[in-house]
Every structure is written in structure tokens, then in C-alpha cells.
2 protein chains.
Amino acid sequence: MDSLTEENYIKSIYALSQATGEVFVSELAKKLNVKQPSVNSMMKRLASKKVVSYAPYKGIRLTEKGKKEALSIIRRHRLAELFLVKVMELGWEEVHDIAEQLEHVDSKRFYSRMDEMLNFPKFDPHGEPIPDSNGKIHTQKRTSLSELVEGLTAIIAAVGEDEKSFLDHLNAKGLQIGDAVTLKKREPFDGSVTLQHKSKKEILLTHQVAERIWVE
Amino acid sequence: MDSLTEENYIKSIYALSQATGEVFVSELAKKLNVKQPSVNSMMKRLASKKVVSYAPYKGIRLTEKGKKEALSIIRRHRLAELFLVKVMELGWEEVHDIAEQLEHVDSKRFYSRMDEMLNFPKFDPHGEPIPDSNGKIHTQKRTSLSELVEGLTAIIAAVGEDEKSFLDHLNAKGLQIGDAVTLKKREPFDGSVTLQHKSKKEILLTHQVAERIWVE
DNA sequence: TTAATTTGTTAGAACAGTCTAACTTTTTAA
DNA sequence: TTAAAAAGTTAGACTGTTCTAACAAATTAA
Ligand SMILES: [Mn+2]
Ligand SMILES: [Mn+2]
Ligand SMILES: [Mn+2]
Ligand SMILES: [Mn+2]
């Protein structure tokens, strides 16, 4: 079994290596708020556990075993988030921090009951896919609001971040998963976008925000 | 804030010092499955945090601050157990181990939602009282089945243990909180008791089991 | 009331996880 | 293509938690 600390490293390695298949020590250190030598010694440990493969001065990659573990942690995190929203009626902006803790609870029963109560859900409250119990995850590629063609209407499918401050911002703008929005105008100067929302209101988002909203 | 390890020490000190107000190093060591010197150094740490008061070779006692912290942990544990039974429909025999983990989750919202969903409950699934959010707990003294007068009928109010093996045994005997039982006979030789149960069945319990069942 | 036993303490080591300082390798830019 | 900057590594120290070995105090039994 992995310690809480090891689980957090594994999860971060998975997240940061999504694009290229590998992460660098410096990136991991920044993400986890530790110094590089800490990452270094943890990589030795995880390599000896066959969770990552890594050669000095080269990028870090998860092994098959490591990927399995990562997906299992992500599954627990996302199931927990959805449970907190659907069953416990907490806001989508407040569940991430609690799920960071619940994901480390060691109990098959706890998670299988969540899964049942939620009727084997496929997406978390932020639109992220929930890996199934075998670690299968279907990642469909989505368009970001920052690249949606002007004049088109699309449905908000996911948000690329679940930090409270970002979600508070979306709450303030009145945007939620599932909402239909029409892209009225994109400013060429700064990439900010004006949306027509079902609420009739016009909503202005900066590029920084728009690029974190995925539509279908 | 206390670490998980510190919280577990505090909870055990509270439990073991219930009767006399103090615990001994040897008792704590046994309960926590550590050696005496480990307890010793943790007591120094907790004393410096003003959580316990303790002088070398004397018993260990919680300070007022320590008692508050203990009751807060116990509240979280028991709320979690009840939540797991009532909301998540797990069995009373399987919730203790999960609650051992959930009690360390740091989130007021998580626990206040549980409290609301359960309608501010007073007892956990094993009949133990749940301290309120100010740390008030009402401990009523109860009679053990091992000292109930022959011929009398009483209601099972609580069980003095929540280990899976013990509760599995009660499940097998068909006993639950709230059940009415009549004490038919107590064997003078070994203290075992025969009960008349609402299910019509006669149930035989050893003294060891009977003394852990509290009735009103 | 002395001796044996039990209980508690100190000293010192170990492991997980982190850090700083110093050094090496790789990458980037002049 | 060399020099500066960035990234990675090693060594060594520190904290939290635990252990074993050795010793001291308190309790119990002879
Ligand atoms: Mn999250
Ligand atoms: Mn999420
Ligand atoms: Mn319990
Ligand atoms: Mn209980």
C-alpha cells in the first residue's frame, strides 16, 4: 500500500504527464510545493516500488502499475466530489478540497456504495470523466470556449480546473455545466469573449477564463 | 492543528481515562499497539502542546483543551458512523473502520452537512451518544445485560464495543439496538444468560458478550 | 522488608519525508 | 561554441514517529 504522500505524488505525475507522457522534476516540485531534492528522493522510492520509471536527468514516467494506481486515486477523488454534490448537496466549488482528503480513505465498500448510490456515474461535478473500477477512462477531446467559432452555440461540458476561486468566479457569472452558450464576439486584441446565455444575459469572459471552459 | 497520530493518542487517552480520570503509559501503549517509549515521547509532545498534563511516573490526564479536542474527534467518528449506516446503508458492523479514517477529515462543512442530513442525531449506530458541536455529551448510566435481574424485560440501548467481530456475533444471534429482551435465566456457574427475544427465539449469550450489552 | 516483578524513562538508532548547500549535467543564449 | 542559466543530483541535516537496549522507580510478593 502507498502512503498518502506517495498517492499525491502519483496523482500529480499522472496529471502533469498527460500531454507528453513524462514530467520533469521541476514541474512536480512546483505542483507539490516541495523542493527538487524532495522529488528526487521520492522518485527513487517510487522507482524501487516499480511505480515510475526514471533514469537520472531524464523525464519521469508512470509504469503500467503506476497508471493503474493513479486512475484509482482519480476515480476515488471524482466519485467523492460527485457524492458530495449530489448526495450531500455541497456546492461544486467546495468539494475539491474535501475530496483531496476522501480520496485517501482505504475502503472498497465506501466507494462501491457511493458508486451505487450515484448510479455508476460517468462524470464528476466539473465535467471530468470518472474512471471505471477497472481504470478505464474515456477522454473525449473537447473544444475550449476560447477557440469556439463566432456565432456558434455549444453546451458547457467541463471546466479545466476545480479550484474554489475559479468556480466562485463562474458562479458569479452564472455559468454551470450543461448551460448552452452562444459565442457572440471574440475580441482580437485580448481574446476575451462575449457570450449569450440562456438566462438572456450577456456574459463577458477573459481569455484566461474562456480557455478553461470546455464545450461540445 | 494536530496530526492524525496525535488525534489517535488523544482519543485513546480520553477513552481509557473515562473511569478514573487518568491513564497509564502501559495501557495506552497496549491500546495503540506501540511500545512504551513511543507513548512516553508522545506525552512529552502533547504536554508541551498543553493537551495533556503529566508528571514522570504519574498518570496521564487530558487538560480542558485536550478534552475538547477528544470530544470533537469522537463527535466526528460517531457522526460518520451514523451517516454510513443511515445515508449510505452500510451495516453497523462495517462502519467503525471507515469512521476511523473519516474522523480525521478536516472540513467543517462536511460534518455540518452530515449533522443536518441526520437531523442532529443524539446517538451513533452502536447506541453511543454523539457529543454536540460544543463538546457536550450526555452519558447516562446504563445496566449491563450481565447484571439485569432475572425475569425483567429491557431494551438494548447500546453495545460497548464496535469491533466487527463482536458485531458479527450479535448479528448472528439476531440482536440489534432497540430490541426488547427478557432475561430468562443466568447461570451462576459461568454467568452466561438466556434471553427471550421478540423473534420468539431463545438466545444464549456468554458472560463476556452479555457484559458488553447495555439495556434500559 | 528485602527481592522480584512490573512500569516508566532515557539514550540512541531508524525510516519517511522534507529542507539547504554544494556540485554536476543539460539547455539556452550570446 | 563557449558562457550563463536552468534543471537535476548528492550529501547532510532536521522533524515526526517508532523502535530496542539499558537503566530507574514503583509496586507486589515472599
Ligand atoms: Mn477535484
Ligand atoms: Mn473535479
Ligand atoms: Mn466506532
Ligand atoms: Mn460507534
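Just so we're on the same page: letters track the sequence lines, and every chain starts at 1.
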Report task. Check side-chain contact (heavy atoms from CB on, under 4.5 Å) between B/Glu69 and all other residues, then give those that pass, not counting sequence neighbours. Result -> B/Asp2, B/Ile10, B/Val51, B/Lys65
**Report entry** Side-chain heavy atoms of A/Arg75 within contact of A/Tyr111, under 4.5 Å
**Finding:** no
**Report entry** Heavy-atom protein contacts under 4.0 Å, nucleotides 8-16 of chain D, coded B base, S sugar-phosphate only, - none
**Finding:** BBB-----S
Requested in this report: Would you kindly give the NZ-to-P distance between A/Lys30 and D/dA6, to the nearest whole Å?
Outcome: 12 Å
Query raised in the report: Could you state the CD1-C1' distance from B/Ile60 to C/dT9, rounded to the nearest angstrom?
Result: 12 Å
Requested in this report: Residues of residues 9-18 of chain B with any non-hydrogen atom less than 4.0 angstrom from an atom of DNA chain D: list those, numerically ordered, please.
Outcome: B/Tyr9
**Report entry** For atom NZ of B/Lys35 and atom P of C/dA14, their distance in whole Å
**Finding:** 18 Å
Query - D/dC19 phosphate, OP1 or OP2, under 4.0 Å from B/Ser38 side-chain N/O - result: yes
Query - Note: A/Lys164-A/Glu93 ion pair, threshold 4.0 Å (strictly below) - result: no
Query raised in the report: With sequence neighbours excluded, what pairs up with A/Glu216 under the salt bridge (charged side-chain N to carboxylate O under 4.0 Å, His left out) test?
Result: A/Arg142
Query raised in the report: What residues form a salt bridge (charged side-chain N to carboxylate O under 4.0 Å, His left out) with B/Asp162, not counting sequence neighbours?
Result: none
Report task. Test ring-ring contact (aromatic ring centres under 6.0 Å, His included) on B/His96 and B/His126 and set out the steps. Result -> CA-CA 10 Å; B/His96 174 79; B/His126 312 102; 7.4 Å; no
**Report entry** Mutual orientation of the aromatic rings belonging to A/Phe83 and B/Phe83 [parallel < 30°, tilted 30-60°, perpendicular > 60°]
**Finding:** perpendicular
Requested in this report: To the nearest Å, give me how far apart CG (A/Asn8) and P (C/dA16) are.
Outcome: 17 Å
Report task. List for me each residue that meets side-chain contact (heavy atoms from CB on, under 4.5 Å) alongside B/Phe120, sequence neighbours excluded, and say none if there are none. Result -> B/Asp115, B/Glu116
Report task. Using whole Å, report how far CG of A/Asn33 lies from C1' of C/dC19. Result -> 14 Å
